[in-house]
Amino acid sequence: STKGDDGDDDSCTVSPCSNTPGPGQYFSSKGTDGAAGTCGVMACTNTPAPGSYFSSKGDDGDTDSCSVSSCSDPPGPGMYFASRGQNGIENSCEVLACTNIPGPGQYFSSAGADGDEDSCDVSACTNMPGPGQYFSTKGSDGDDDSCTLSACTNTPGPGWYFSGAGANGVSHTCAV
């Protein structure tokens, strides 16, 4: 930096600061006049929600101007975004399994809400047990026709037959 020529205030030399704010930061103050060096940098005050991250630096002097973007790899059925991502790293959002667990004859039909571990949709499987069968396991996440069907263990005696399916997860309850 130098003083302007002939007292002209518009001719002063201005140089950029040597440091650069990263994603989630902004320049909070100017550098020290006459010294090459750093300007003040602070964290932005706008906060990414689970499933998003700071994708760029903020506008100089603006505390809540950092760009927030969504993580591009959405969680699959039975999963949810547990946290926000790391600053500047697109697919760094933590994905965890939902805690609400489908029972036999059910499956996870959707991903959970961002930040909500108990919000994955659970639906009934469409492959239905016939007489003498029951659902022995939950289905595969996202697959409505994947619940395991097993044969009932109770056996009809002479003159009897299976007239219905068993209770989900219980092998000896088929209607005789």
Side-chain angles (χ1 to χ4, degrees), residues 21-26 41-59 62-176:
Q25 299 176 325
Y26 68 99
V41 173
M42 293 187 72
C44 285
T45 57
N46 57 320
T47 303
S52 59
Y53 65 100
F54 281 126
S55 55
S56 69
K57 77 173 197 73
D59 297 330
D62 190 349
T63 63
D64 66 351
S65 63
C66 291
S67 295
V68 174
S69 297
S70 295
C71 286
S72 62
D73 288 339
M79 307 296 280
Y80 72 102
F81 280 127
S83 66
R84 72 178 189 89
Q86 297 175 25
N87 294 350
I89 302 175
E90 182 178 1
N91 288 315
S92 60
C93 297
E94 183 179 20
V95 176
L96 294 177
C98 285
T99 56
N100 57 320
I101 305 296
Q106 299 177 323
Y107 70 103
F108 280 125
S109 54
S110 72
D114 295 344
D116 188 352
E117 66 183 17
D118 209 23
S119 64
C120 291
D121 289 332
V122 174
S123 298
C125 286
T126 57
N127 60 322
M128 298 304 296
Q133 295 180 317
Y134 71 102
F135 284 123
S136 57
T137 65
K138 77 173 195 74
S140 299
D141 296 340
D143 186 354
D144 67 347
D145 193 32
S146 64
C147 292
T148 303
L149 300 174
S150 296
C152 290
T153 58
N154 58 323
T155 307
W160 294 86
Y161 66 96
F162 285 120
S163 58
N168 293 346
V170 184
S171 66
H172 62 277
T173 60
C174 290
V176 178

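Given the structure is predicted, the values throughout are model-derived calculations rather than measurements.
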Calculate, to the nearest 0.5 Å, the distance between atoms [atom1] and [atom2] belonging to [X] and [Y] respectively.
{"X": "Trp160", "Y": "Thr155", "atom1": "CH2", "atom2": "OG1", "answer": "14.0 Å"}
{"X": "Arg84", "Y": "Cys93", "atom1": "CZ", "atom2": "SG", "answer": "9.0 Å"}
{"X": "Ser92", "Y": "Tyr53", "atom1": "OG", "atom2": "OH", "answer": "8.0 Å"}
{"X": "Cys66", "Y": "Tyr26", "atom1": "SG", "atom2": "OH", "answer": "8.5 Å"}
{"X": "Gln25", "Y": "Asn87", "atom1": "CD", "atom2": "CG", "answer": "7.5 Å"}
{"X": "Thr45", "Y": "Met42", "atom1": "OG1", "atom2": "CE", "answer": "9.5 Å"}

Give a yes-or-no answer on whether the side chains of Ser72 and Asn91 include a donor-acceptor pair shorter than 3.5 Å.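 A donor-acceptor contact under 3.5 Å links the two side chains.
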
Would you check if the side chain of [X] reaches a backbone N or O of [Y] as a donor-acceptor pair within less than 3.5 Å?
{"X": "Thr99", "Y": "Glu117", "value": "yes"}
{"X": "Ser65", "Y": "Asp59", "value": "yes"}
{"X": "Thr148", "Y": "Thr137", "value": "no"}
{"X": "Asp144", "Y": "Ser109", "value": "no"}
{"X": "Ser140", "Y": "Ser146", "value": "no"}

Nearest heavy-atom neighbours spanning [X] and [Y]:
{"X": "Met79", "Y": "Ala97", "value": "SD-CA, 3.6 Å"}
{"X": "Ala113", "Y": "Tyr80", "value": "O-CB, 3.8 Å"}
{"X": "Pro131", "Y": "Ser163", "value": "CB-C, 4.3 Å"}
{"X": "Ser110", "Y": "Cys120", "value": "O-CB, 3.7 Å"}
{"X": "Tyr134", "Y": "Ala151", "value": "CE2-O, 3.4 Å"}
{"X": "Ala82", "Y": "Leu96", "value": "CB-CD1, 3.6 Å"}

Please name the residue in the list Pro48, Cys44, Pro23 that meets the side-chain contact (heavy atoms from CB on, under 4.5 Å) test with Val68. Pro48

Val122 vs Phe108 side-chain heavy atoms within contact, under 4.5 Å: yes

